[in-house]
2 protein chains.
Amino acid sequence: MPTTTALQMIRILIADDHAMFVDGIESILTGEEDLDVVGRCYDGPSVLKFLEKEEADILLLDVNLPGMNGIEVCKAVLEKNKNTKVIAISMFNEESYVTEILNNGASGYILKNTGREELIKAIKQVTEGHSYFSKDVTQTIMKGLMNSRRSSGIKKNLNIPKISRREKEVLELIVKEFTTQEIANQLFISLKTVESHRSNLLSKLNARNSAGLVRIAMEHKLVDPN
Amino acid sequence: MPTTTALQMIRILIADDHAMFVDGIESILTGEEDLDVVGRCYDGPSVLKFLEKEEADILLLDVNLPGMNGIEVCKAVLEKNKNTKVIAISMFNEESYVTEILNNGASGYILKNTGREELIKAIKQVTEGHSYFSKDVTQTIMKGLMNSRRSSGIKKNLNIPKISRREKEVLELIVKEFTTQEIANQLFISLKTVESHRSNLLSKLNARNSAGLVRIAMEHKLVDPN
DNA sequence: GAATACATAGGGGATTACCCTGAATCCAAA
DNA sequence: TTTGGATTCAGGGTAATCCCCTATGTATTC
């Protein structure tokens with residue numbers, strides 16, 4: 001194989017406040033001939049400064065940076081540098097960290113106990129436009145996902161009394177911001193009837209006003225999202 | 001190590017309409033001394049029949065069973081057999097399949113191209129009360145999760161102007177069903193000031209009334225769920 | 001220093017929502 | 001058949017909202 005071919009080097013920027021860790025990653029990556037560590041940063045702001053001058057394909061970003069934390073850095077980086085992809089690195093396999101940084105556009109999340117092979121695999125996979133997550137991390141997320149589904153299901157069945165067909169219609173129109181008079185016109189019933197339904201809804205759903213009706217309706221998905 | 005110790009055998013029931021596949025799994029598992037295949041089913045109803053008479057710790061369940069599909073079987077099994085745990089097996093790495101069967105209580109989801117080691121690992125992990133998912137499956141789920149977040153995030157950034165810190169506070173209290181006067185008291189500001197904020201919120205969020213504010217706040221998760 | 005956004009506050013008025021009581025009709029279940 | 005729930009409607013009143021306007025002090029940004 002000709003090694004003189006101009007390989008598409010993957011430019012990597014490392015951001016972690018622990019120098020030893022930065023060095024460790026770098027020494028792992030220098031063994032790879034198509035990976036090039038172009039910068040090292042030890043806090044959030046310097047990442048942004050670096051990327052103003054130079055480009056990078058992959059940002060290996062510690063989630064728990066001092067000062068400006070990883071989530072903010074990730075957001076800021078992706079807003080200005082559309083070609084840079086972020087792989088979050090963290091000591092902690094915490095669901096809140098993972099979801100929040102993914103929510104801010106990170107393409108991957110790996111733990112600090114990740115081995116050499118996995119790190120390189122993650123970088124290459126993300127470079128190709130895929131995403132990558134450590135096995136433990138995915139397990140964490142899946143659990144969180146399962147729990148949230150389960151608990152939302154419980155809510156729905158426990159505290160909500162039955163609301164009638166007509167009440168549901170009125171409720172849906174309230175959620176859609178119609179006034180009582182408008183609801184009456186649409187359902188071809190009297191203003192007073194709508195007020196009755198609204199009043200019954202307030203007591204059934206234990207709400208104080210329309211704002212509460214809307215909140216409860218959305219929390220428990222009592223209305224069809226049209 | 002004494003092999004004569006009465007090991008806690010893990011009782012396994014296999015359910016798949018492809019006999020060859022059932023045999024394949026069984027031959028893999030018979031090599032393990034603490035795994036015991038106690039039954040084989042080739043459709044959904046026979047799984048339920050089997051579990052009426054005998055017990056199983058793990059049900060390896062094909063998602064795409066003929067007649068009664070895997071999701072229904074999973075649901076029915078878990079309702080009656082609280083000690084049985086379900087690992088879904090499928091040829092397809094489809095997000096909809098995965099989320100639906102997880103939603104119905106499955107503890108794991110693995111693909112049919114899964115190797116011997118991974119299958120055994122999945123079984124043991126699930127037996128211990130954990131969950132297990134093939135790497136490809138988790139990637140699929142994460143992508144779906146990210147896409148859904150991204151699309152909701154797009155909404156958030158496109159049609160929603162920035163709301164100020166104070167406006168957000170007022171909005172949160174509106175969602176919590178407080179009246180304008182009560183909000184004023186809590187924030188130690190005038191009734192009229194709260195009305196100003198509310199009015200600004202109405203125009204910024206393009207809502208007609210408080211119901212709309214609540215709906216938009218919840219759709220775009222502008223408020224912290226306390 | 002000027003422009004801009006934000007938080008604050010007010011007047012006055014129109015509209016709407018909310019509360020209470022009461023009551024008629026219809027329909028399905030006991 | 002009677003009971004009960006759902007739906008319908010009404011009067012009268014209080015409270016809250018929404019809308020239009022203006023206005024000031026204070027940051028922040030340009």
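Protein chains get the first letters and strands the later ones, always in sequence-line order, with residue 1 at the start of each.
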Q. Any salt bridge between A:Glu172 and A:Lys176, counting N to O under 4.0 Å?
A. no

Q.
For a 4.0 angstrom threshold against heavy atoms of chain B, report the outermost contacting nucleotides of DNA chain C in 5' to 3' order.
A. C:dC6 to C:dG12

(Q) Tell me which pairs pass side chain to side chain donor-acceptor pair (under 3.5 Å) where either residue lies in residues 185-196 of chain A, with sequence neighbours left out. (A) A:Gln181-A:Asn185, A:Lys192-A:Glu195

Q: State, to 0.1 Å, how close B:Thr84 and B:Leu78 come at their nearest heavy-atom pair, and which atoms those are.
A: O-CD2, 3.3 Å

Q) When you check every protein heavy atom under 4.0 Å of nucleotides 8-30 of chain D, what one-letter string (B, S, -) results, 5' to 3'? A) BBBBB----BBB-----------

**Q.** Which residues share a side chain to side chain contact (heavy atoms under 4.5 Å, CB included) with A:Glu167, sequence neighbours left out
**A.** A:Ile163, A:Ser164, A:His197, A:Asn200, A:Leu201, A:Lys204

Q: Would you list the pairs meeting salt bridge (Lys or Arg N to Asp or Glu O under 4.0 Å) in which at least one residue belongs to residues 179-188 of chain A, sequence neighbours left out?
A: A:Glu182-B:Arg208

Q: Give every residue pair that meets the salt bridge (Lys or Arg N to Asp or Glu O under 4.0 Å) criterion with at least one member in residues 17-26 of chain A, sequence neighbours excluded.
A: A:Glu26-A:Arg40

Q. Run the salt bridge (charged side-chain N to carboxylate O under 4.0 Å, His left out) check on A:Arg11 and A:Asp36 step by step: do they pass?
A. CA-CA 5 Å; A:Arg11 293 162 299 179; A:Asp36 184 18; over 6 Å; no

